Amino acid sequence: MVETGHLSLHVPEPAVRPGGQPDFSNVKIARAGAVPRPEVDAAAEDIRDLAYSIIRVLNRDGEAVGPWAGLLSDDDLRAGLRNMMTLRAFDARMLMAQRQGKTSFYMQHLGEEAVSCAFRKALKKGDMNFPTYRQAGLLIADDYPMVEMMNQIYSNESDPLRGRQLPIMYSSKEHGFFTISGNLATQYVQAVGWAMASAIKNDIRIAAAWIGDGSTAESDFHSALVFASTYRAPVVLNVVNNQWAISTFQGIARGGSGTFAARGLGFGIPALRVDGNDYLAVHAVACWAAERARRNLGPTLIEYVTYRVGAHSTSDDPSAYRPKTESEAWPLGDPVLRLKKHLILRGLWSEERHVQAEAEIMDEVIAAQRKAEEHGTMHAGGRPSVRDIFEGVYAEMPPHLRRQRQKAGY
Ligand SMILES: Cc1ncc(C[n+]2csc(CCOP(=O)(O)OP(=O)(O)O)c2C)c(N)n1
Ligand SMILES: [Mg+2]
């Protein structure tokens with residue numbers, strides 16, 4: 001008989017801690033162009049490998065190669081670069097505004113711009129995203145006015161959400177951007193439910209769910225996958241694996257499964273893993289999944305492999321839990337620089353145009369900021385009326401709310 005000792009739990013540990021040498025040997029990178037592009041009606045079990053590899057289009061030299069390349073026109077590519085640069089400039093200004101006390105809180109996208117900017121281009125008007133707080137690219141790439149975003153961040157008198165949401169928790173039905181819920185993973189059940197309703201009504205609109213690596217540990221993620229797979233809901237299930245969930249590394253939520261994408265396979269959901277810092281690859285994979293949903297073939301799970309270069313939020317200091325140089329060691333590079341390199345290689349862009357575009361974009365962001373600040377910031381200028389607290393939840397205000405509003409003097 002084998003002697004057994006006391007039991008103990010396995011607690012996954014990140015490869016390195018602050019002060020150590022960054023180590024991404026756990027991220028196995030496929031060669032660009034090496035992963036096949038199956039037909040959209042492929043069965044999950046026939047494309048299992050795609051949940052364990054990484055679909056990539058842009059190679060190290062900036063060329064677009066392989067079966068996932070070739071979907072975007074020259075103008076689309078330049079627009080994509082501009083969208084990502086705009087999001088980056090917007091983040092820089094709003095981070096500064098937070099430090100100046102103009103808003104209480106901000107969350108940036110640094111390093112992850114390709115994911116939401118490229119995904120938006122795979123959707124059509126009427127489709128609905130259920131985003132978290134790190135997908136503002138969905139709005140930027142759909143030409144939602146930056147000034148409206150800033151009004152929301154400042155909770156000023158022109159805030160479209162009337163001061164009722166945390167800064168950056170935007171909402172726009174018109175732009176297919178469902179109101180952000182701070183309770184993570186709720187996006188999954190809501191998106192699947194919305195997609196099921198669309199199918200029940202024989203509509204043509206599809207939904208997209210968004211979640212981070214850490215939040216996949218929530219039970220909502222798993223129950224949403226049950227419903228999505230059972231009823232073949234027309235939904236794209238996005239998992240943004242940016243390696244971190246505040247101070248918790250991705251291994252804590254991943255457990256023994258090889259990848260986050262592989263979670264889909266247990267539910268019979270086709271699952272793809274993609275280079276999240278490759279604008280072309282993100283867009284191609286998103287189109288593949290959106291087409292499946294539109295053709296009533298059911299859900300697709302996509303894991304975007306990326307890296308959160310900045311702090312989790314303005315309330316976070318990553319130097320407390322990861323090496324300061326970790327982002328420089330990230331093997332998939334920077335999404336803006338990679339698309340820029342591709343465009344220059346193809347003669348569609350130049351260093352000079354890039355510098356000029358950076359300046360133009362920053363001017364646009366600053367102009368929007370000035371306009372928003374005319375309507376107030378957190379500590380100065382106009383505010384929404386307290387009366388607005390009571391509006392917008394019920395189509396008809398119930399008597400108890402009416403009484404509360406009267407008691408408050410509005
Ligand atoms: C249900 C729920 N639990 C906990 C939190 C607190 N919280 C806010 S952000 C965050 C980390 C999420 O990490 P991840 O899902 O990887 O997304 P990322 O921030 O990396 O984009 C946590 C735990 C929350 N907002 N909602
Ligand atoms: Mg994360």
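In listed order, ligands and their atoms are each counted from 1. Small disclaimer: the values here were computed from a predicted structure and weren't measured. What's counted below: heavy atoms across the whole structure, side chains too, no hydrogens, waters or symmetry copies.
Distance check for Gly212 against the Mg ion (ligand 2): none of its N/O/S atoms falls below 2.8 Å. The Mg ion (ligand 2) has an N, O or S atom of Asn242 inside 2.8 Å of it.
The protein residues lying under 4.0 angstrom from ligand 1, judged by non-hydrogen atoms, are Tyr133, Arg134, Gly182, Asn183, Leu184, Gly212, Asp213, Gly214, Ser215, Glu218, Asn242, Trp244, Ala245, Ile246, His312.
Of the residues Arg56, Arg31, Lys28, the one that meets the salt bridge (charged side-chain N to carboxylate O under 4.0 Å, His left out) test with Asp275 is Arg56.
Between Trp244 and Tyr321, the angle of the ring planes lies from 30° to 60°, which puts this pair in the tilted group. Using bins of under 30°, 30° to 60° and over 60° for the plane-to-plane angle, the ring pair His312/Tyr133 lands in the perpendicular bin.
With respect to the salt-bridge test (charged N to carboxylate O, under 4.0 angstrom), the residues Arg308 and Glu326 do not qualify. For Glu351 and Lys340, the salt-bridge test passes: some basic side-chain N is under 4.0 Å from an acidic carboxylate O.
A 6.0 Å sphere centred on CD1 of Ile366 holds more than 12 heavy atoms belonging to other residues, nucleotides or ligands.
The salt bridge (Lys or Arg N to Asp or Glu O under 4.0 Å) test applied to Glu374 returns no partner, not counting sequence neighbours.
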